[in-house]
Amino acid sequence: MACSNVMKLNVASSSWISGHNSVNHRTGSTARFPTRRFSVIRAGSYTDELVKTAKSIASPGRGILAIDESNATCGKRLASIGLDNTETNRQAYRQLLLTTPGLGDYISGAILFEETLYQSTTDGKKFVDCLRDENIVPGIKVDKGLVPLPGSNNESWCQGLDGLASRSAEYYKQGARFAKWRTVVSIPCGPSALAVKEAAWGLARYAAISQDNGLVPIVEPEILLDGDHPIERTLEVAEQVWSEVFYYLAENNVTFEGILLKPSMVTPGAEHKVKASPDTIANYTLTMLRRRVPPAVPGIMFLSGGQSEVEATLNLNAMNQSPNPWHVSFSYARALQNTVLKTWQGRPENIEAAQKSLLVRAKANSLAQLGKYSAEGESEEAKKGMFVKGYTY
Ligand code: 13P
């Protein structure tokens, strides 16, 4: 077979380290491998840009606003305040969020659903331009959701690799500069070796395709909060999952300097009898990350996973009490949007107040990124947990 005698070496990262342009050498046979040719994979044409994009998202005091709910999930959010799931209502809600004045002080990136990436405000300004004006990088959810994984213990796998390269190229043209792919791992279901391997492999293939098309991949194997297991069990599973993810990322020649991670925090299962303090969660989570994540990775952007707004902020704050090898920040959906939705209620006269409540949460998490947050004065609403058993996005 043509490929079997070609040895591939990844020098994808060397061009930006040395400052030279991409290379594509082919050398002939060598004494050591007399029958083999060496095909050195050229550095991707986007490598420098990917590194720059990742760094700008992982900038001090800023994190990601995740508003990439699929239309079905956005519908659930709208239903919670009595609104129908129409394109107009989704647009109105996303407009409220994306036109919040001063958002860029605390938010460096926004993950959008495809519909939003191509949408504009009611005044005709593209949402991507609203973001750029605030120095916020537009991102795009590229996975196609979860389906049952045959042969597993009732687990799932994430679809979306077919056609991903051409979709990603289109998203780049539309202004997206980073991507997100969320797959899940369930502790109560095992996790089976098959499900972990499939999750890790899918993430790695997606990451390689994204980088090839100029999008910084957010790598998100969400370890669900579901279960009554202790925190030690979550640590064990998280270590297993991340070791496989990095194994396959390396095998797929992904440039680590041009990715971002979106892990779950290491917590006890949501139904475990003992709750953990922010210090304990920070301790376990950072232990896991230090054991598994190379310092070349620029940013760790946590998901909130059903924690209350205040819990998610307190835990992030606890993780930033001493310097970390990576930028440790947030990429929250529920933990940034809950109070906003409740304040808005779909009424135009509440837009300003809802935007203010978004800024309150964004600023709180910005302070937590800097390790300077105190929960003093937080509302009761912000302390309400949002965990839903068997939650689907
Ligand atoms: P939550 O913060 O609601 O868990 O969202 C995670 C996510 O993947 C959204 O992009």
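Start at 1 and go down the list; that is how both ligands and their atoms are numbered.
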At under 4.0 Å between heavy atoms, which part of [X] makes contact with ligand 1: side chain, backbone, both or neither?
X    : value
K262 : side chain
E220 : side chain
R182 : side chain
E69  : neither

Below 4.0 angstrom from a heavy atom of [X], which ligand 1 atoms are there? Numbered from 1 as shown, please.
X    : answer
A66  : 9 (C), 10 (O)
R334 : 1 (P), 2 (O), 3 (O), 4 (O)
Y332 : 2 (O)
D68  : 9 (C), 10 (O)
S304 : 1 (P), 2 (O), 3 (O), 4 (O)
A333 : 1 (P), 2 (O), 3 (O), 5 (O), 9 (C)

Task: R94 NZ/CZ over F127 ring centroid, <6.0 Å and within 45° of normal - done: no

Task: Q321: partners by side-chain hydrogen bond (donor to acceptor under 3.5 Å, both in side chains), with sequence neighbours left out - done: none

Task: Any N or O of I111 closer than 3.5 Å to N or O of ligand 1 - done: no

Open item on the list: With respect to K180, determine whether any N or O atom, backbone or side chain, lies less than 3.5 Å from an N or O atom of ligand 1.
Closed with: yes

Open item on the list: Measuring from non-hydrogen atoms of G305 to any atom of ligand 1, is the shortest distance under 4.0 Å?
Closed with: yes

Task: Under-4.0 Å salt bridge between E115 and R90 - done: yes

Task: Ring geometry between F256 and F246 (parallel below 30°, tilted from 30 to 60°, perpendicular above 60°) - done: perpendicular

Task: Closest heavy-atom pair and its distance - V137, I57 - done: CG2-CG1, 3.9 Å

Task: Minimum heavy-atom distance between C158 and D143, given as atom pair plus value - done: SG-CB, 3.4 Å

TODO: Give a yes or no on this: more than 12 heavy atoms of other residues, nucleotides or ligands lie within 6.0 Å of atom CD of E271.
DONE: yes

TODO: Scan side-chain atoms only and decide if E222 and T183 contain a donor-acceptor pair under the 3.5 Å cut-off.
DONE: no

TODO: Answer yes if the ring centres of Y332 and F302 are under 6.0 angstrom apart, and no otherwise.
DONE: no

